[in-house]
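Read through the structure below, which is laid out as structure tokens, and then see the notes.
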Number of protein chains: 2
Amino acid sequence: MSTASASEWAEHARAVMDQAGHRKGGARNAIIDLLAEQPCALSAIEIEDHLRRSDRSASRASIYRILELLQDRGLVVRLDVGDASSRYELIDPGGEHHHHLLCESCGRLVPFDDAGLERSIDRVSRRMGFRTHGHEVVLRGDCVACQH
Amino acid sequence: MSTASASEWAEHARAVMDQAGHRKGGARNAIIDLLAEQPCALSAIEIEDHLRRSDRSASRASIYRILELLQDRGLVVRLDVGDASSRYELIDPGGEHHHHLLCESCGRLVPFDDAGLERSIDRVSRRMGFRTHGHEVVLRGDCVACQH
DNA sequence: GGGCAAGCGAGACGGTGTCTCACTATGGCC
DNA sequence: GGCCATAGTGAGACACCGTCTCGCTTGCCC
Ligand SMILES: [Zn+2]
Ligand SMILES: [Zn+2]
Ligand SMILES: [Zn+2]
Ligand SMILES: [Zn+2]
């Protein structure tokens, strides 16, 4: 998620919302810009804090409302790693996505991607007869930095 | 999770707790028995409800306390599918485990397992240099019954 | 049986996420 | 540009899950 592709995503997101008939919105623009420059997922509370410290804050209700809108349009994905709060991150319009290791030592979320893993998921999904719209993989353990 | 292996697990769980120096406990026994007869994961609130309707209820504090104990001993696994509450299910002492499809139509949790998926997870974990203690895979979509 | 610590219950508490409702801003229309 | 309908937003009340405290109960060892 380089700076270039990040602002690309922001424009893409705004275009999608515009095309869907939504008016412009200050809070929504601020959230889109914030998400665009993140390397990985943010919780709703983290978004609230970041915005409060910037020049454009947003109320909690708006944050959840906007995140749900962005999810419905396929612009953002919500992921739950089980630490009492969901996190949100942008979806690459090119279809690329990644998964996460939750480090039990430092608590950080480490992204990774793997084509073989994606193929396995597709395969088992077909074998079971599911029609899947998405999936989530969370590893728990120690990241590279935390293996003393 | 047949009835036979379920009661096996209950005995196994009680033996592990006993060997770890824990005294007997009524609430703990009730929770172990309840988990043993479940085909898939239950939330803490569902456990509370089930027990309240039975002849041996347990307070919420005890439920969470006991579930954490069982987790620490590797008898139970907690999984989060993102609907605002964690769910708990027993771990097969033979090492077998499964993953889940969360059906977006009927809301049910459908278990499945797949050796290829497990291999992929091991492989990517090694490739990234993680030391993992566990993992979670959640598919979202429609189960077989919900594909009109 | 007596004593003590583990096990447990009841309820207060905190944080995340939802809901309502009034206010503000946007874009179409004149 | 000015008006209006309504989408967008903010503030706060609210609900829920999970945590914590603290006093009571129960199992276990002597
Ligand atoms: Zn990420
Ligand atoms: Zn994937
Ligand atoms: Zn299950
Ligand atoms: Zn697995």
Side-chain angles (χ1 to χ4, degrees), chain A residues 13-34 41-73 75-88 107, chain B residues 13-34 41-73 75-88 107:
Chain A
R14 270 187 271 269
V16 168
M17 296 307 284
D18 189 53
Q19 208 156 358
H22 286 281
R23 296 180 183 175
K24 288 199 279 188
R28 192 167 65 226
N29 277 334
I31 291 175
I32 287 175
D33 288 336
L34 178 63
L42 283 186
S43 72
I45 306 297
E46 286 172 331
I47 292 174
E48 191 177 15
D49 291 342
H50 273 87
L51 292 182
R52 201 199 335 275
R53 276 187 237 106
S54 77
D55 55 344
R56 182 56 168 87
S57 67
S59 73
R60 183 168 302 186
S62 295
I63 293 172
Y64 283 105
R65 197 187 308 123
I66 290 165
L67 287 173
E68 194 181 350
L69 272 182
L70 295 175
Q71 270 188 93
D72 292 344
R73 300 288 166 193
L75 295 165
V76 154
V77 63
R78 185 181 80 190
L79 58 106
D80 299 274
V81 294
D83 66 335
S85 66
S86 298
R87 307 189 195 200
Y88 301 82
Chain B
R14 271 188 270 270
V16 168
M17 296 307 283
D18 188 53
Q19 208 157 358
H22 286 280
R23 297 179 183 175
K24 289 200 281 187
R28 193 167 64 226
N29 277 334
I31 291 175
I32 287 175
D33 288 337
L34 178 63
L42 283 186
S43 72
I45 305 300
E46 287 171 332
I47 292 173
E48 193 178 13
D49 291 342
H50 273 87
L51 293 182
R52 201 199 335 274
R53 276 187 238 107
S54 77
D55 55 344
R56 181 56 169 88
S57 67
S59 73
R60 184 168 300 186
S62 295
I63 293 173
Y64 284 105
R65 197 187 307 123
I66 289 165
L67 287 173
E68 194 181 350
L69 272 181
L70 295 176
Q71 270 188 94
D72 292 344
R73 300 287 168 193
L75 295 165
V76 153
V77 63
R78 185 182 81 191
L79 57 107
D80 299 274
V81 295
D83 66 335
S85 67
S86 299
R87 309 191 193 199
Y88 301 82

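Heavy atoms only: backbone and side chains are in, while hydrogens, waters and symmetry mates are out.
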Considering all heavy atoms of both residues, which atom of [X] and which atom of [Y] are nearest to each other, and what is their separation?
{"X": "A/H50", "Y": "A/L34", "value": "CB-CD2, 3.7 Å"}
{"X": "B/R73", "Y": "B/A20", "value": "CZ-CB, 3.5 Å"}
{"X": "B/R87", "Y": "B/A41", "value": "CB-CB, 3.6 Å"}
{"X": "B/I31", "Y": "B/I63", "value": "CD1-CA, 3.8 Å"}

Is it the case that the base of C/dG9 and the side chain of B/R65 share a donor-acceptor contact (distance under 3.5 Å, atom types as modelled)?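 For B/R65, whose side chain was compared with the base of C/dG9, there is a donor-acceptor pair (under 3.5 Å).
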Nearest-angstrom distance from the residue atom [atom1] of [X] to [atom2] of [N]:
{"X": "A/M17", "N": "C/dT26", "atom1": "CE", "atom2": "C1'", "value": "15 Å"}
{"X": "A/I32", "N": "D/dG8", "atom1": "CD1", "atom2": "P", "value": "12 Å"}
{"X": "B/I66", "N": "D/dT19", "atom1": "CD1", "atom2": "P", "value": "14 Å"}
{"X": "B/L69", "N": "D/dT19", "atom1": "CG", "atom2": "P", "value": "13 Å"}
{"X": "B/I63", "N": "C/dG11", "atom1": "CD1", "atom2": "P", "value": "15 Å"}
{"X": "A/L67", "N": "C/dT16", "atom1": "CG", "atom2": "P", "value": "15 Å"}
{"X": "A/N29", "N": "D/dA7", "atom1": "CG", "atom2": "P", "value": "18 Å"}
{"X": "B/E46", "N": "D/dG18", "atom1": "CD", "atom2": "P", "value": "11 Å"}

Counting any heavy atom closer than 4.0 Å, what does A/R56 reach on the DNA or RNA strands: base, sugar-phosphate only, or nothing?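 The answer is sugar-phosphate, as A/R56 gets under 4.0 Å only of primed atoms, P, OP1 or OP2.
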Within the 4.0 Å heavy-atom criterion, would you say A/S43 contacts the bases, only the backbone, or no part of the nucleic acid?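 The answer is nothing, as A/S43 stays clear of every strand by at least 4.0 Å.
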Nearest to the B/A61 side chain among C/dG9, D/dC17, C/dT16, which nucleotide is it?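 Shortest atom-to-atom distance from the side chain points to C/dG9.
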Reading DNA chain C from 5' onward, which residue's closest nucleotide shows up sooner: A/D18 or B/S62?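 Its nearest nucleotide being more 5', the pick is B/S62.
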Tell me whether the side-chain N/O atoms of [X] come closer than 4.0 Å to OP1 or OP2 in [N].
{"X": "B/S85", "N": "D/dC17", "result": "no"}
{"X": "B/R23", "N": "D/dT26", "result": "no"}
{"X": "B/Y64", "N": "D/dG18", "result": "yes"}
{"X": "B/S86", "N": "D/dC17", "result": "no"}
{"X": "B/H22", "N": "C/dA6", "result": "no"}
{"X": "A/R60", "N": "C/dG17", "result": "no"}
{"X": "B/R28", "N": "D/dT26", "result": "no"}
{"X": "B/S59", "N": "C/dG9", "result": "yes"}

Would you kindly compare B/K24 and B/A44 by the position of their nearest DNA chain D nucleotide and give the one closer to the 5′ end? B/A44
Measuring only between side-chain heavy atoms, which start at C-beta, is A/M17 closer than 4.5 Å to A/L75? yes
Give a yes or no on whether a salt bridge exists between B/D33 and B/R28, defined as a side-chain N under 4.0 angstrom from a carboxylate O. no
